[in-house]
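First the structure, in the form of structure tokens, and then the observations on it.
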Amino acid sequence: MKYLIISCLLFASLRISAQDCTEASILQKPGVWKEGMKGFVSGIALADLDKERKVVAAIHILTKSKYTPMGVQADFNGSYDTPDRKIPVNIYDYNIYFLHYFCEGNVIKTDHETSTSLSISANRIDAKIYETPDENNLPAEGYYSMKKMPVEKDGNYYFEQDASLGLGISGKSRTWLITYDNKLPFVYVWKKRSN
């Protein structure tokens, strides 16, 4: 009789720990923060790199204090780009890649790739303010074209466009431009085109 009671207790404890893995239960599962891969850094002055790393660390602390991942592993890192002839400023980023949990049978696993991410960048702008003149701009004109103009809302500027988010998913890409004293890092210039 002792063996039967022990066997029943063991079976009951196994049944409790192996609950069904469902999409709803995954969404309620607390996520984790995980430091991602560190990128290669060269050509950046050590004093600049130290300042950039402090900014990225401060952004991470602020993000972590205001956001708790649920149903994902939040891989985060900083990336630091070297200035060059075409882009004469240091560009650096704070990145989070949200790797979703999924069920494999009753086991919760983590995706190895994702189309869901957040990047907070300094000096990086998709509006191509650093681009070289093209066939629409003569080199002597001294200005460059922008296909999308930023929209001002609540004291910040943003760009929004349809985009491929990867893995066959489409959606919106949004970029916010945070400025000092509400001053854009470029000046609008209009030119009447001759036909």
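Below, each value reflects all heavy atoms present in this structure, side chains not excepted, and no hydrogens, waters or symmetry copies. Note that the numbering runs from 1 along the sequence shown for the chain.
Note: the hydrophobic cluster containing Ile120 also contains Leu49 (ILVMFWY, side chain heavy atoms under 4.5 Å, direct or indirect links). If you chain together hydrophobic residues whose side chains sit under 4.5 Å apart, Val32 and Ile26 fall into the same group. If you chain together hydrophobic residues whose side chains sit under 4.5 Å apart, Val55 and Tyr94 fall into the same group. Residues Ile59 and Leu118 share a hydrophobic cluster, clusters being chains of Ile/Leu/Val/Met/Phe/Trp/Tyr side chains in contact below 4.5 Å.
Partners of Lys172 by side-chain contact (heavy atoms from CB on, under 4.5 Å), not counting sequence neighbours, listed by chain and number: Glu160, Asp162, Arg174.
Closest approach of Asn106 to Asp20, counting heavy atoms only: OD1-CA, 3.3 Å. Closest of all the heavy-atom pairs between His112 and Leu99 is C-CD2, 4.0 Å. When all heavy atoms of Gly43 and Pro83 are compared, the pair lying nearest together is O-CD, 4.4 Å.
A distance of 6.0 Å separates CZ of Phe76 from NZ of Lys64, quoted to the nearest 0.5 Å. Here the OG1 atom belonging to Thr22 is positioned 9.5 Å from the CD atom belonging to Gln28, to the nearest 0.5 angstrom. Taking OG1 of Thr116 as the start and CD1 of Ile169 as the end, the distance is 6.5 Å to the nearest 0.5 Å. The CD1 atom of Ile96 sits 8.0 Å away from the NE2 atom of His60 when rounded to the nearest 0.5 Å. Atom OH of Tyr97 and atom NZ of Lys34 lie 14.5 Å apart (nearest 0.5 Å).
Between Glu52 and Val41 the shortest side-chain heavy-atom distance does not fall below 4.5 Å. Side-chain contact check for Arg53 versus Tyr80: some heavy-atom pair is nearer than 4.5 Å.
In terms of modelled atom types and a separation under 3.5 Å, the side chain of Ser119 and the main chain of Ser121 share no donor-acceptor contact. At least one donor-acceptor pair under 3.5 Å links the side chain of Asn123 to the backbone N or O of Asn90. Between the side chain of Ser25 and the backbone N or O of Cys21 there is no donor-acceptor pair closer than 3.5 Å.
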Problem set entry | Chi angles and distances behind the side-chain contact (heavy atoms from CB on, under 4.5 Å) call for Trp33, Thr68 | CA-CA 9 Å; Trp33 287 99; Thr68 302; over 6 Å; no
For this session: Go through the steps for Ser79 and Asp93 under the test side chain to side chain donor-acceptor pair (under 3.5 Å), then give the verdict.
Result: CA-CA 5 Å; Ser79 57; Asp93 311 276; 2.9 Å; yes
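Using modelled atom types, one finds no donor on one side chain facing an acceptor on the other under 3.5 Å when comparing Asn77 with Glu35.
In this pair, Tyr67 and Phe98 present their aromatic rings perpendicular. The plane angle is above 60°, beyond the 30 to 60° band.
Relative to the six-membered ring of Tyr101, Lys29 meets both conditions, a distance below 6.0 Å and an angle of at most 45° to the axis.
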